[in-house]
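Below, each value reflects all heavy atoms present in this structure, side chains not excepted, and no hydrogens, waters or symmetry copies. Note that this is a predicted model, so its numbers are computed, not measured. Residue numbers begin at 1 in each chain, while the letters A, B, ... track the order of the sequences.
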Protein chains: 2
Amino acid sequence: MVQIPNTPPSASPAPRSVPTSADVARLAGVSRATVSYVLNNTSAVRISEPTRRRVHEAARELGYVPHAAARSLRAGHSRMVLMPAPAIPIGPLYGRFINELQWALGRLDYTVVQYGTVAVQGDEAARAWAELRPVAVIVPGAGLGPQGVTVLKRSGARAVVTLGPASVEGAHTLLMDQAAVGHAAAAHLHSRGRRRIGVVVPEEAGLETFSRPRLDGARDALRGTGAAITELPLAYTEEAAARLAARWGDLGLDAVFTYNDEYAMLLMSALQDTGVRIPEDTAVIGADDLMLGRLLRPRLSTVHIELPSGRDLAALVDRAVRNPGAAPETHRVLGASVVPREST
Amino acid sequence: MVQIPNTPPSASPAPRSVPTSADVARLAGVSRATVSYVLNNTSAVRISEPTRRRVHEAARELGYVPHAAARSLRAGHSRMVLMPAPAIPIGPLYGRFINELQWALGRLDYTVVQYGTVAVQGDEAARAWAELRPVAVIVPGAGLGPQGVTVLKRSGARAVVTLGPASVEGAHTLLMDQAAVGHAAAAHLHSRGRRRIGVVVPEEAGLETFSRPRLDGARDALRGTGAAITELPLAYTEEAAARLAARWGDLGLDAVFTYNDEYAMLLMSALQDTGVRIPEDTAVIGADDLMLGRLLRPRLSTVHIELPSGRDLAALVDRAVRNPGAAPETHRVLGASVVPREST
DNA sequence: TTGAAAGCGGTACCAT
DNA sequence: ATGGTACCGCTTTCAA
């Protein structure tokens with residue numbers, strides 16, 4: 001029986017295997033060493049112009065692209081800066097920060113790679129990152145312990161920087177104290193004469209890292225003042241907000257800190273629908289100072305958050321890479337200042 | 001003159017170099033081959049239990065972590081799926097999509113890596129990606145040409161998928177036709193009896209890829225109907241919105257499509273401040289169907305956008321990787337449907 | 001059951 | 001001005 005090939009030779013030209021520098025050398029009629037010299041413009045070695053041309057020509061013809069893994073294997077190091085990709089879509093604030101950071105590190109000739117952390121936990125994740133032998137690792141949030149730092153350093157990471165609520169043994173830390181946000185918000189409400197203060201706590205998973213400290217900060221600000229805090233769990237849906245608004249009278253609150261501006265908008269909308277006057281009946285303050293707060297009516301008071309510039313963090317990383325022996329720095333980098341507008 | 005070393009030996013213990021499988025072998029008193037067998041649980045080979053224990057013990061003691069680059073160099077392939085990181089912070093819609101995709105690819109045992117494309121252009125970028133020898137590349141937006149696809153495939157990428165406005169020769173394409181969004185919006189306004197329609201075009205750099213097709217789609221929907229379109233350049237600031245609102249009467253528009261919900265909120269707020277009644281004087285429709293549209297008063301009509309599920313794209317990638325010979329598929333994946341609410 | 005050795009794709013030293 | 005070659009860390013035949 002005659003077999004008819006299902007892919008005729010003409011249709012799928014036998015997939016030439018990926019060209020290597022040896023292929024380039026062969027085609028140009030030189031050695032692999034010469035190819036390497038030419039393509040890397042090695043200054044310690046002089047190659048004649050005709051040879052250079054032949055090598056470039058051959059590389060172009062074959063579509064040669066060097067193999068990064070082979071190169072860094074040989075070199076013994078890379079300039080890869082690894083960041084775990086955030087597990088949950090984080091706000092525009094953080095997005096901008098990341099972008100600026102990427103740009104700044106790029107300027108310093110590092111390659112930034114965001115690694116898809118697929119639900120791997122702390123020290124488990126650290127191992128996975130270590131396999132890539134990054135020169136530096138930047139870890140947002142909690143979740144990396146001293147163990148993880150050790151693993152990373154042991155496998156050659158010259159800098160480990162965490163961005164989070166607490167400093168980690170052995171790592172540089174950009175201390176982002178979310179409690180300061182809650183503190184500022186609560187203090188502001190108190191200064192406005194409010195005494196029965198609600199604090200919205202999002203029910204969405206993954207937000208506890210932010211919401212818990214913000215709540216604690218608010219508690220802290222009011223300690224000993226006689227003002228009382230009521231925790232208000234709230235899912236990010238209209239229905240949940242309406243339900244909360246429906247029992248607003250029973251709660252007897254004269255102010256609410258809504259975790260952030262988006263929850264503020266959600267709750268304000270529901271409160272206004274049920275006739276609660278803002279700020280007369282209830283003052284509302286959000287956080288993050290997003291554009292939407294300026295667009296709400298009444299205009300939303302909020303806590304403006306000052307993140308470090310991406311350039312600064314890039315500089316810290318670069319310093320740490322150049323001098324891995326230096327003692328870990330801890331910088332308190334989260335500035336929280338109230339922007340009073342019409343809603344309080 | 002006596003030099004005092006600035007770092008005394010005791011302070012920075014000579015940084016032991018990174019342990020390799022050879023170190024593990026030495027410590028365990030076995031060969032590197034055995035180490036590899038044990039740590040990879042190679043089923044084709046049986047290693048005695050005492051030996052296994054000794055190897056694991058040694059690996060643990062040294063903090064051994066395998067070198068991914070060396071491994072994939074030897075193996076001749078990796079399971080890395082590369083995506084360029086978006087240059088500008090893109091909305092929550094897209095963020096969720098990416099996250100779902102990462103998760104789904106993770107389930108299929110791929111490692112997703114977002115590569116920080118630092119202002120490198122199309123085919124230049126393709127070369128940089130090719131150096132990493134990813135098994136698949138997913139490229140959102142335009143910017144990758146047929147040239148780039150060739151480079152990637154030549155260097156071993158078994159699947160190249162683009163997510164964008166047009167299909168690219170040689171690559172699988174998820175066709176996201178933004179024009180459909182504008183088309184739906186304009187058609188809706190027309191059906192509501194509006195004839196003098198403004199279309200907001202954001203001035204922010206990097207948004208043209210979306211805004212241009214949305215505008216064109218709106219134009220297309222009204223072609224031959226006698227309705228007229230006015231292009232409205234608008235920066236995302238309160239001042240710009242106020243300026244636009246101030247000359248609203250002169251423009252004589254009875255409706256406006258605002259590019260997306262966020263610009264809708266910006267413009268609605270400015271219009272309401274100047275006494276324009278929505279929808280009586282001017283109908284407003286946004287796009288993206290964000291939560292904020294539901295919270296605005298009047299509630300914002302919008303164009304709901306249906307993206308493909310991350311799982312679907314992951315499945316496409318996996319299929320393409322398993323069968324690189326197959327003809328590139330092009331799927332039209334962007335569903336646009338109007339959600340009429342109170343603002344139109 | 002274990003070990004010796006080849007080789008993946010580059011780079012850089014040492015000769016010629 | 002070039003070429004030969006060892007080596008980076010790991011996997012995987014092939015032998016013993």
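Between the side chain of B:Ser309 and the backbone N or O of B:Asp312, at least one donor-acceptor pair lies under 3.5 Å. Between the side chain of B:Ser78 and the backbone N or O of B:Met80 there is at least one donor-acceptor pair closer than 3.5 Å. Judged purely by atom type and a 3.5 angstrom limit, B:Thr20 uses its side chain to pair as donor or acceptor with the backbone of B:Ala22.
Looking at heavy-atom distances under 4.0 Å, B:Arg133 makes contact with sugar-phosphate atoms alone, never a base.
With a 4.5 Å cut-off on side-chain heavy atoms, B:Leu82 and B:Ile138 do not count as touching. Looking only at side-chain heavy atoms (C-beta outward), B:Tyr64 and B:Val18 stay at 4.5 Å or farther from each other.
Of all the residues in residues 65-82 of chain B, B:Leu73, B:Arg74 reach under 4.0 Å from DNA chain C with at least one non-hydrogen atom. Applying a 4.0 Å cut-off to non-hydrogen atoms, the residues of residues 27-42 of chain A that approach DNA chain C are A:Arg32, A:Ala33, A:Ser36, A:Tyr37, A:Asn40, listed by residue number.
The pair B:Arg127-B:Asp123 does not count as a salt bridge, with every side-chain nitrogen at least 4.0 angstrom from each carboxylate oxygen.
Atom CG of B:Leu105 and atom CE of B:Met83 lie 9.0 Å apart (nearest 0.5 Å). Taken to the nearest 0.5 Å, the CG atom of A:Leu163 stands 10.0 Å off from the CG atom of A:Leu175. From B:Leu108, atom CG reaches atom CZ of B:Arg322 across 8.0 Å, with rounding to the nearest 0.5 Å.
Taking every heavy atom of both residues into account, B:Ala136 and B:Val317 meet most closely at CB-CG1, 3.9 Å. The minimum heavy-atom distance linking A:Ala104 with A:Gly310 is given by the pair CB-O, 4.0 Å.
Bracketed by its first and final contacts, the part of DNA chain D lying under 4.0 Å from non-hydrogen atoms of chain A reaches from D:dA1 to D:dG9 in 5' to 3' order. Bracketed by its first and final contacts, the part of DNA chain C lying under 4.0 Å from non-hydrogen atoms of chain B reaches from C:dT1 to C:dG10 in 5' to 3' order.
A:Glu329 CD: more than 12 foreign heavy atoms inside a 6.0 Å radius.
Under the side-chain hydrogen bond (donor to acceptor under 3.5 Å, both in side chains) criterion, no residue pair touches residues 130-152 of chain B, with sequence neighbours excluded.
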- Start with the C-alpha distance between A:Glu57 and A:Arg54, add both sets of side-chain angles, then the distance that settles salt bridge (Lys or Arg N to Asp or Glu O under 4.0 Å), and finish with yes or no. CA-CA 5 Å; A:Glu57 176 65 20; A:Arg54 289 219 314 286; over 6 Å; no

- Message: Assess the residue pair A:Trp103 and A:Val112 against the criterion (side chain to side chain contact (heavy atoms under 4.5 Å, CB included)); give the C-alpha distance rounded to whole Å, side-chain angles, the decisive distance to 0.1 Å, and a yes or no.
- Response: CA-CA 9 Å; A:Trp103 185 85; A:Val112 181; over 6 Å; no

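Axis orientation changes by 50° from one end of the helix from C:dT1-D:dA16 to C:dT16-D:dA1 to the other, with each end axis drawn from 5 pairs and the value rounded to 10°.
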